[in-house]
Asks: 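Quick one: the structure is below, questions incoming.
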Number of protein chains: 2
Amino acid sequence: MDDEQRVNLGVSLFIPYRYTEDRMFRALQDAGFDDWTLAQCRVFQRVAPDGSRLTDLADQAQMSKQSAGGMVDQLESLGYVRRVPDPTDGRARLIVIEGRGLQAVEVARATLDDILSEWKAYLGTRNFTLLQQILDQLAEITDPYARSAPQAPTSS
Amino acid sequence: MDDEQRVNLGVSLFIPYRYTEDRMFRALQDAGFDDWTLAQCRVFQRVAPDGSRLTDLADQAQMSKQSAGGMVDQLESLGYVRRVPDPTDGRARLIVIEGRGLQAVEVARATLDDILSEWKAYLGTRNFTLLQQILDQLAEITDPYARSAPQAPTSS
DNA sequence: GGTGTTAGTCAGGTATCTTTACTATATGCA
DNA sequence: TGCATATAGTAAAGATACCTGACTAACACC
């Protein structure tokens with residue numbers, strides 16, 4: 001395979017990512033979670049297990065606070081999350097997963113496990129593990145929310 | 001790092017993908033291509049070098065034909081692409097990159113090269129090459145547009 | 001020639017997203 | 001402690017991105 005034919009690395013990262021997203025969303029629908037949209041689901045998946053601030057969700061989803069707020073409103077109405085006071089800041093509330101959301105997380109988890117098993121079988125354990133390790137390493141310089149990211153390289 | 005703390009693989013594919021997209025879009029803006037939106041740019045990047053059918057673009061972008069058509073209208077107005085008759089099908093036209101689009105492709109290309117050089121330097125040549133190879137392999141079972149994809153595994 | 005399929009446009013509409021402005025709360029500093 | 005600045009998140013108003021259903025001309029196949 002020569003370079004002319006090779007898909008660029010950005011695209012080749014996107015392909016399996018989208019596969020995962022598509023398949024998980026479909027599995028959720030098949031499991032009865034067919035009352036929400038992909039956009040809502042995308043915000044939902046960013047809610048941390050111990051709850052998230054609206055502004056964090058908005059940052060991570062690269063959307064405005066109001067968009068995120070609107071999505072959370074919808075998720076709350078649908079029973080996937082709840083807003084609770086944030087004990088550390090009187091202005092803020094935490095968005096926590098509950099009710100239907102907890103069940104959806106189980107389905108998503110199980111589907112992802114299936115997918116990863118298939119990938120592992122296809123790639124072999126060694127390459128699968130390497131993939132995880134390399135991507136974790138890459139996240140160190142590409143993830144703005146990494147815990148202690150090195151300074152990202154400046155543009156040339 | 002134990003499994004509880006590890007970001008799931010879907011997310012870890014997304015992180016560098018988004019980094020690439022963000023950085024390239026910013027570079028295009030800085031280079032004067034600041035007259036288009038990310039949604040337009042996303043459709044644009046799917047236009048093949050020898051031209052694309054509208055319906056192919058719509059498929060690949062997972063959007064409706066009309067949405068894709070509207071985006072192409074806008075790209076055409078902005079001078080990034082042109083519609084030409086498809087010699088193989090009288091119903092169809094090809095969307096080809098021209099004018100501003102050709103210049104934008106150069107900027108995008110150069111930016112991607114920069115990014116990949118940085119990744120290569122950070123990961124080391126060996127892991128960088130492994131990453132490419134593994135992702136190419138993974139695309140065989142995750143890319144609906146792969147040339148001769150094996151049958152994708154069915155959901156459990 | 002007849003039938004079923006497809007490319008891409010139209011009509012009508014919804015979903016998702018934005019910026020600006022605002023108030024209550026929090027933070028930092030003199 | 002008081003004041004200036006910053007922040008969380010909601011409201012208002014609006015733009016952009018996207019959808020489904022319908023349609024006609026062209027295509028593919030028998």
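Note on naming: letters A, B, ... go to the chains in the order of the sequence lines (proteins, then strands), and numbering restarts at 1 for each one.
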Asks: I'd like to know if the side chain of A:Y17 pairs up with that of A:E21 as donor and acceptor (distance under 3.5 Å, no hydrogens or angles considered).
Replies: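 Distance-only check passes for A:Y17 and A:E21.
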
Asks: Once you build an axis from the first five pairs and another from the last five of the helix from C:dG1-D:dC30 to C:dA30-D:dT1, how far apart in angle are they, to 10 degrees?
Replies: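 Terminal axis comparison yields 50°.
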
Asks: Using atom CD of A:E76 as one end and atom C1' of D:dT10 as the other, report the distance to the nearest whole Å.
Replies: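 My rounded result for the distance is 14 Å.
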
Asks: Taking the side chain as every heavy atom from C-beta outward, state whether A:F14 and B:L13 have any atom pair closer than 4.5 Å.
Replies: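 No - every pair of side-chain heavy atoms lies 4.5 Å or more apart.
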
Asks: Could you check whether B:N127 and A:Q133, counting side-chain N and O atoms only, form a donor-acceptor pair closer than 3.5 Å?
Replies: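 The answer is no; no qualifying pair exists.
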
Asks: Indicate yes or no: does A:R83 engage A:D73 in a salt bridge with an N to O separation below 4.0 Å.
Replies: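 Yes, this pair counts.
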
Asks: Going by side-chain heavy atoms closer than 4.5 Å, which hydrophobic residues are tied to B:L102, directly or by a chain of links?
Replies: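 Joined to B:L102, directly or through intermediates: B:F25, B:L28, B:F33, B:W36, B:L38, B:V43, B:F44, B:V47, B:L54, B:L57, B:M63, B:M71, B:V72, B:L75, B:L78, B:Y80, B:V81, B:I95, B:I97, B:V105, B:V107.
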
Asks: Report yes if some heavy atom in the side chain of B:R23 is under 4.5 Å from a heavy atom in the side chain of B:D114; otherwise report no.
Replies: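 Result yes, sub-4.5 Å side-chain heavy-atom pair found.
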
Asks: Please list residues of residues 30-42 of chain B whose heavy atoms come under 4.0 Å from any atom in DNA chain D, ordered by number; otherwise none.
Replies: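 Listed by number, they are B:T37, B:A39.
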
Asks: Does anything in residues 49-71 of chain B reach DNA chain C, meaning a heavy atom under 4.0 Å, and if so which residues?
Replies: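 Correct list: B:R53, B:L54, B:T55, B:K65, B:Q66.
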
Asks: Take atom CG of B:D73 and atom C1' of C:dT9, then tell me their distance rounded to the nearest Å.
Replies: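 Those two atoms, CG and C1', are 9 Å apart.
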
Asks: If you group Ile, Leu, Val, Met, Phe, Trp and Tyr whenever their side-chain heavy atoms sit less than 4.5 Å apart, what else falls in with A:L94?
Replies: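 Same cluster as A:L94: A:V84, A:V96.
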
Asks: I need the CD-P distance between A:Q74 and D:dT10, as an integer number of Å.
Replies: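 These atoms are roughly 14 Å apart.
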
Asks: Could you check whether any side-chain heavy atom of A:D143 comes within less than 4.5 Å of a side-chain heavy atom of A:L138, counting everything from C-beta outward?
Replies: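 With C-beta onward as the side chain, the pair stays apart.
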
Asks: Between residues 89-97 of chain B and DNA chain C, which residues have a heavy-atom gap below 4.0 Å?
Replies: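 B:R91, B:A92, B:R93 - these, ordered by number, are the residues of the stretch whose heavy atoms sit under 4.0 Å from the strand.
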
